[in-house]
Amino acid sequence: MSTVAIYKHPKIFKLENGKKLRNLEIAYQTFGKLNANKDNVVWACHALTANADVLDWWKGLFGNNALFNPEEHFIVCANILGSNYGTTNPLSKNPTTGQPYYLSFPEFTIKDLAATHNLLANHLEISTIKVLIGGSLGGQQALEWSLAKTQTIENLILVATNAVHSPWGIAFNESQRLAISADRTFYSNQPDGGLKGLKVARSIALLSYRTYEAYSATQLESVNDKITGYRAASYQNYQGEKLCKRFNAYSYWYLSKAMDSHNVGRGRKSITAALAEIKVNTLVIGIENDVLFPISEQKFLASHINEAQFSSINCAYGHDGFLIETDKLTNIIGNFLKESSDKKIIKLHKTA
């Protein structure tokens, strides 16, 4: 059983920066059924350009016969604020003007993304989440949501993410925004504005998602006499065009800024003090050759979250490994959840 729906929030939504959004809509999908005890919820937070169909973009980890499957779990995935897959975004109609927002859309943060998850959870009458999981930008959301303490989260799984977005990551994002803003059509207030810039931005991003080894394995030339028309060049063009067919430059612009805003220390005593507040059963997974979110960032999370477990995987694809290495993730996460369940049984026996 799967459901595609849109939650229309009846109240004004106040952003972290004080600005307000009226007529907030949150697109989401659910898979499976909520059991009688309401304790089988698995909530997945998606990354930068993904959507609410987690069974599609995280195949192998989510799906029929997968670790997280609709037969056992009630799986929820919400399209994030600013994205163009149904949730309120820069191409949505501004209720004040009756026209799309475009660049008048208010900037938002990772905390705002977490706050919209909370709104949807309340609407769905979910107070306990068995597993909250996210990778990359999704991991940033999951981390902020766990710090908000609005729902009871039993197990928190953070994959290829961090406590604060690094200067390196911000530099990558700014380079992409520079590419988008160099496209004059970005300021034309048209749905297809900035697409040439978005194509370049995606090409830049891909270099941070992959590795030298990945390109060598998949884009290496089979002949020695080429002087143009290289496979790697064609690949970059193809990936840029592919994103332009399904995304828009305005959403990409705002979401990259939201990622830059990520810092769990903001509004709290410090980054380490914030992480110490997390008492949730936590697993942190890093990718050993991740260029964008180096494994040192996941080790930092694990060392400052109370009793967090840490694990790592090696993948030639680098950061994109969190979407590709689903067999490895299944093994690590499955063992973690089994151990967590065993600990609860032991604790109950001791109490008895």
Side-chain angles (χ1 to χ4, degrees), residues 4-30 43-52 76-126 132 134 137-138 140-151 165 173 177 180-181 186-194 198 246-264 266-267:
V4 179
I6 293 179
Y7 165 58
K8 296 183 179 182
H9 188 55
K11 299 180 181 179
I12 291 174
F13 178 63
K14 187 175 180 180
L15 299 164
E16 185 186 358
N17 60 16
K19 294 185 178 181
K20 298 174 182 178
L21 274 176
R22 289 167 51 201
N23 301 344
L24 172 65
E25 296 186 353
I26 304 170
Y28 67 97
Q29 289 189 227
T30 65
W43 195 296
C45 298
H46 74 70
L48 187 66
T49 65
N51 54 37
V76 185
C77 186
N79 184 226
I80 55 177
L81 175 67
S83 179
N84 68 330
Y85 289 111
T87 294
T88 300
N89 68 85
L91 299 189
S92 299
K93 185 182 291 185
N94 182 339
T96 302
T97 66
Q99 299 298 317
Y101 284 98
Y102 295 111
L103 291 172
S104 67
F105 197 74
E107 290 191 14
F108 52 89
T109 67
I110 299 296
K111 285 186 179 180
D112 295 321
L113 302 187
T116 60
H117 290 317
N118 173 50
L119 292 178
L120 179 58
N122 289 340
H123 168 67
L124 295 174
E125 298 182 345
I126 294 172
L132 175 61
L137 176 71
Q140 294 175 339
Q141 298 164 53
L143 188 59
E144 273 293 354
W145 197 6
S146 67
L147 282 165
K149 300 174 183 177
T150 52
Q151 267 74 30
H165 208 50
N173 284 342
R177 289 191 294 269
I180 292 173
S181 62
F186 183 58
Y187 301 98
S188 67
N189 286 348
Q190 295 293 328
D192 60 353
L198 179 61
R246 67 176 182 88
F247 219 69
N248 73 76
Y250 303 97
S251 286
Y252 198 92
W253 172 278
Y254 278 93
L255 287 170
S256 70
K257 281 183 168 287
M259 179 178 278
D260 289 354
S261 78
H262 178 56
N263 187 331
V264 298
R266 186 173 61 254

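In terms of modelled atom types and a separation under 3.5 Å, the side chain of Ser251 and the main chain of Gly82 share a donor-acceptor contact. Side chain of Thr87 to main chain of Ser83: no donor-acceptor pair is present (N/O by atom type, distance under 3.5 Å, no hydrogens or angles). Remark: the backbone N or O of Phe186 is paired with a side-chain donor or acceptor of Tyr250 at under 3.5 angstrom. Listed for the Asn79 side chain is no donor-acceptor partner under 3.5 Å among the backbone atoms of Ala52.
Listed by chain and number, the residues in a side-chain hydrogen bond (donor to acceptor under 3.5 Å, both in side chains) with Tyr7 are His9 (sequence neighbours excluded).
Ring to ring, Tyr254 and Phe105 are close: their centroids are under 6.0 angstrom apart.
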Show which side-chain atoms of residues 116-126 pair as donor or acceptor with protein atoms under 3.5 Å away, not counting sequence neighbours.
from: Thr116; atom 1: OG1; to: Leu113; atom 2: O; distance (Å): 2.7
from: His117; atom 1: NE2; to: Gln141; atom 2: OE1; distance (Å): 2.7
from: Asn118; atom 1: OD1; to: Thr150; atom 2: OG1; distance (Å): 3.3
from: Asn118; atom 1: OD1; to: Gln151; atom 2: NE2; distance (Å): 3.2
from: Asn122; atom 1: OD1; to: Gln151; atom 2: NE2; distance (Å): 3.0
from: Asn122; atom 1: ND2; to: Asn118; atom 2: O; distance (Å): 3.4

Pairs under 3.5 angstrom only: tabulate donor-acceptor contacts from the side chains of residues 17-27 to other protein residues two or more places apart or in another chain.
from: Asn17; atom 1: OD1; to: Lys19; atom 2: N; distance (Å): 2.9
from: Asn17; atom 1: ND2; to: Glu107; atom 2: O; distance (Å): 2.9

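To the nearest 0.5 Å, atom OH of residue Tyr187 and atom OH of residue Tyr102 are 15.5 Å apart. The CG atom of Leu255 sits 11.0 Å away from atom CG of Asp260, with the distance rounded to the nearest 0.5 Å.
Here the shortest heavy-atom pairing between Val76 and Thr30 reads CG2-CG2, 4.2 Å.
Proximity of Glu144 to Val264: side-chain heavy atoms (C-beta onward) are separated by under 4.5 Å at one or more points. Between Leu132 and Cys45, some side-chain heavy-atom pair lies under the 4.5 Å cut-off. Looking at heavy atoms from C-beta onward, His46 lies out of side-chain contact with Asn51 at the 4.5 angstrom threshold.
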